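Structure first, then comments.
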Amino acid sequence: MGRGDLSDAEWERLRSFLPVSNRRCGRWRSHRQVIDGILHRVRTGVQWRDLPERFGPWKTVYERHRLWSADGTRERLLQQVQASADAAGEIDWDISVDSSIVRAHQHAAGARTEPPPTLGRGGRKARTSGRSAVAESARPPGGGGAGGEGLDRSRGGFTTKLHLSADGRCRSLFLIATAGQRAVCTQFIAVLEKIRVPRIGHGRPRVKPESFAAEKAYGNGPVREYLRRLGNPPHDSERSDSQAARLRKGSRGGRAPGFDEERYKKRNTVERAINRMKPFRAVTTCHDKHGCVFLGTATAAAVSIWLRT
């Protein structure tokens, strides 16, 4: 076993949730060997073509990573690992939300625009191969180009941005990738609504945290109203512009929102969760042309952290 490869215990936790070959596309290469190759690339940031030979053909490793990123397999693996931790009582449901800017390498630019569908006889859309159809149909909307793949210009240059929620033990629960200039408050509700930890056996997935905190950049009106509807009032401090607008209205502006200083101090857990992902070089710098593939790369790093903490 090489450095960074899955241990036997980690492989046993994953193997039952991986796709099974339908035997119509030939014999698949070992999932364990491919996952070790993916983790090696995520950890080192090496180009796919430079993967060591012990992981098999580089194109096999890349294609399976691309396919799993597009069809939701990566997300399901993360949820199942979280379900095992939740059943053992190892998830701290004090949730924090934050984001991190990721510099995009020049190789991340130039994603091809999706061509128009090929029409067959009678004006019907022509069939595509099974595996390509699954990957393309499951790919999030983007359509190619930097803007459609979560890449754009910000103060930091050519960047993308990772928005994530983390539990009280500094592990990512869910991630979203957007263009680098997108405001963080626009993704707060989307990040929280994607938290979905299945229960082992019977029962609905857990989606509601016990409490959560975020920095004051998330303290706008829609976010506060959303938290009140959940029955979990916000604990973050009031933004200066929101405070000025409230004071200008006088008695019509209402009371100042509640602020729990002790709970607000715990928001550093999400920052530490981000720091845990920074040693993965393919996450620290985006090399992937497609947003869904980069999100799959970040999710693979999150799965590795959950398995080893």
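Here the structure is a predicted model, which is why all the values come from computation and not from measurement. The figures that follow rest on heavy atoms only: side chains count, while hydrogens, waters and symmetry mates do not. One-based numbering along the sequence shown.
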### Task
Show your reasoning for whether side-chain hydrogen bond (donor to acceptor under 3.5 Å, both in side chains) applies to Arg66 and Ser69.
CA-CA 5 Å; Arg66 184 183 68 86; Ser69 300; over 6 Å; no

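- Closest approach of Val42 to Ala301, counting heavy atoms only: CG1-CB, 4.0 Å.
- Using a distance-only test at 3.5 Å, with no hydrogens or angles considered, a donor-acceptor pair links the side chain of Thr160 to the main chain of Gly150.
- In this structure, the side chain of Arg206 engages the main chain of Lys208 through a donor-acceptor pair within 3.5 Å.
- Within the 4.5 Å cutoff, the side chain of Val184 has heavy atoms near those of the Lys161 side chain.
- Between Leu192 and Leu227 there is a side-chain heavy-atom pair separated by less than 4.5 Å.
- Between Phe280 and Ser304 there is a side-chain heavy-atom pair separated by less than 4.5 Å.
- Side-chain atoms of Thr269 and Asp92, non-hydrogen and from C-beta on, never get closer than 4.5 Å to each other.
- Under the side-chain contact (heavy atoms from CB on, under 4.5 Å) test applied with Arg272, the options Ile274, Val270, Asn268 reduce to a single match, Asn268.
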### Task
Decide side-chain contact (heavy atoms from CB on, under 4.5 Å) for Ile35 and Leu18; before the verdict, give the C-alpha distance in whole Å, the side-chain angles of both, and the deciding distance to 0.1 Å.
CA-CA 11 Å; Ile35 291 176; Leu18 293 170; 3.8 Å; yes

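- Between Asp5 and Arg54, at least one side-chain N (NZ, or NE/NH1/NH2) sits under 4.0 Å from a carboxylate O, which counts as a salt bridge.
- Salt bridge status for Asp288 with Arg41: present, with a side-chain N to carboxylate O gap under 4.0 Å.
- A donor atom on one side chain and an acceptor atom on the other are not found under 3.5 Å apart for Arg281 and Thr284.
- A continuous path of ILVMFWY side-chain contacts below 4.5 Å connects Leu6 to Phe17, so both sit in one hydrophobic cluster.
- One hydrophobic cluster, built from ILVMFWY side chains closer than 4.5 Å, cannot hold both Met277 and Val293; they sit in different ones.
- We find that Glu10 and Arg13 are not joined by a salt bridge, their nearest charged nitrogen and carboxylate oxygen being 4.0 Å or further apart.
- Here Asp8 pairs with Arg32 in a salt bridge; the nearest charged N to carboxylate O distance falls below 4.0 Å.
- Note that CG of Leu151 is 4.5 Å distant from CZ of Phe158, once rounded to the nearest 0.5 Å.
- Between His107 and His287, the ring centre distance reaches or exceeds 6.0 Å.
- Under a 3.5 Å cut-off, the side chain of Trp306 and the backbone N or O of Gln79 do not form any donor-acceptor pair.
- Side-chain atoms of Arg196 do not come within 3.5 Å of backbone N or O of Pro205 as any donor-acceptor pair.
- Looking only at distances, a side-chain donor or acceptor of Arg276 sits under 3.5 Å from a matching main-chain atom of Cys170.
- Between Arg171 and Gln82, every side-chain heavy-atom pair lies at or beyond the 4.5 Å cut-off.
- A donor-acceptor pair under 3.5 Å links the side-chain atoms of Arg64 to the main chain of Arg29, judged by distance alone.
- Although no hydrogens or angles enter the test, the distance criterion places a donor-acceptor pair under 3.5 Å between the side chain of Arg199 and the main chain of Arg204.
- Proximity of a side-chain donor or acceptor of Asp86 to a complementary backbone N or O of Gly89 within less than 3.5 Å is not detected.
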### Task
Start with the C-alpha distance between Asp98 and Tyr218, add both sets of side-chain angles, then the distance that settles side-chain contact (heavy atoms from CB on, under 4.5 Å), and finish with yes or no.
CA-CA 9 Å; Asp98 205 349; Tyr218 294 91; 4.0 Å; yes

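- Lys266 places no side-chain N or O within 3.5 Å of a backbone atom of Asp94 that could act as its donor or acceptor partner.
- Residues Trp48 and Asp50 are not in side-chain contact: their nearest non-hydrogen atoms beyond the backbone lie 4.5 Å or more apart.
- Ring geometry for Tyr226 against Phe188 counts as perpendicular: the plane angle is over 60°, on a 0 to 90° scale with 30° as the lower cut.
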